[in-house]
Structures are given as C-alpha cells and as structure tokens.
Amino acid sequence: LEELYKKIIELYALTLKMYHTSDRGSAVNALQRRDEIMADCKRYLDRNIDPITVSIIEKIRRTVVHLANIAKIVVDA
C-alpha cells in the first residue's frame, strides 16, 4: 500500500506542475500513469478484501480520477 501511495504523490506533483505549465506531453504521461495506478489498485483489491483496505483503495482511485480529469483539461486546451 505504501508503494501505491508513493505513486499517487508522484502523480499529484506531476499533475500540478503540468497544469501550471500547460505541458501537454506531461498530461499524456499523467494519463498513462493513471492507467497503471488503477491496475495496481485492482490487483491490490484482488489480494486484500479487508473493509478498511477497500475504503482506502477507493479513496485513492477517486483521487487518481480527479488528477486525470485535470490532465484531460490540459490535453484538451
């Protein structure tokens, strides 16, 4: 779970930097990372069905979706 959290922090930093610089290349990279993180979340949920863990993973997934939406704004601009 710690490794997944580190990926989220990296994606967050990349997304904010990309948004403020309007860097489309980084936006595409952020969208690719979103797919990787979502796949990691799914694999993690396949192994762990503890209700608290499921809640944490769902919050992580929502955060990733919001970051991807920011990246889409930059790609579409």
Side-chain angles (χ1 to χ4, degrees):
L1 197 56
E2 184 178 339
E3 180 182 321
L4 190 57
Y5 184 71
K6 287 180 182 178
K7 287 182 181 182
I8 300 296
I9 290 174
E10 290 173 7
L11 179 62
Y12 179 79
L14 173 70
T15 302
L16 288 184
K17 181 179 178 184
M18 165 268 313
Y19 181 75
H20 288 290
T21 60
S22 298
D23 183 5
R24 287 187 179 180
S26 293
V28 172
N29 186 11
L31 291 171
Q32 291 171 345
R33 286 188 183 189
R34 174 206 53 191
D35 295 338
E36 295 170 10
I37 292 172
M38 293 302 250
D40 289 345
C41 287
K42 183 175 180 348
R43 282 192 294 274
Y44 199 83
L45 284 176
D46 288 343
R47 294 183 305 217
N48 301 297
I49 55 172
D50 177 44
I52 294 173
T53 303
V54 171
S55 175
I56 292 169
I57 293 294
E58 286 304 315
K59 289 177 184 177
I60 288 173
R61 292 173 77 181
R62 280 186 290 205
T63 302
V64 171
V65 168
H66 290 305
L67 293 172
N69 288 339
I70 294 170
K72 288 177 187 177
I73 289 170
V74 173
V75 169
D76 292 340

State yes or no: do L14 and I60 share one hydrophobic cluster built from I, L, V, M, F, W and Y residues joined by side-chain heavy-atom distances below 4.5 Å, directly or via other members? no
Given K6 and E2, is the salt bridge (charged side-chain N to carboxylate O under 4.0 Å, His left out) satisfied, shown in steps? CA-CA 6 Å; K6 287 180 182 178; E2 184 178 339; 3.6 Å; yes
Side-chain touch I9/Y5, heavy atoms, less than 4.5 angstrom: yes
More than 12 heavy atoms of other residues, nucleotides or ligands under 6.0 Å from CD1 of I49: is that the case? no
Spatial distance of atom CD1 (I8) from atom OH (Y12) [nearest 0.5 Å]: 12.5 Å
State whether the side chain of T63 and the backbone N or O of K59 hold a donor-acceptor pair below 3.5 Å, judged by distance alone. yes
As an exercise, state the distance from OG of S55 to CG of D50, rounded to the nearest 0.5 Å. 10.0 Å
Nearest 0.5 Å, what's the CG-CD1 distance between L4 and I57? 5.0 Å
Does R62 come within less than 4.0 Å of E58, counting only side-chain N to carboxylate O? no
Kindly compute the distance separating CZ (R33) from CG (L31), expressed to the nearest 0.5 Å. 11.5 Å
Contacts under 3.5 angstrom, residues 35-47 side chains, donor-acceptor by atom type, not counting sequence neighbours:
| unit_1 | atom_1 | unit_2 | atom_2 | d |
| --- | --- | --- | --- | --- |
| D40 | OD1 | R43 | NH2 | 2.2 |
| D40 | OD2 | K7 | NZ | 2.4 |

Show which side-chain atoms of residues 64-77 pair as donor or acceptor with protein atoms under 3.5 Å away, not counting sequence neighbours.
| unit_1 | atom_1 | unit_2 | atom_2 | d |
| --- | --- | --- | --- | --- |
| N69 | ND2 | V65 | O | 3.4 |

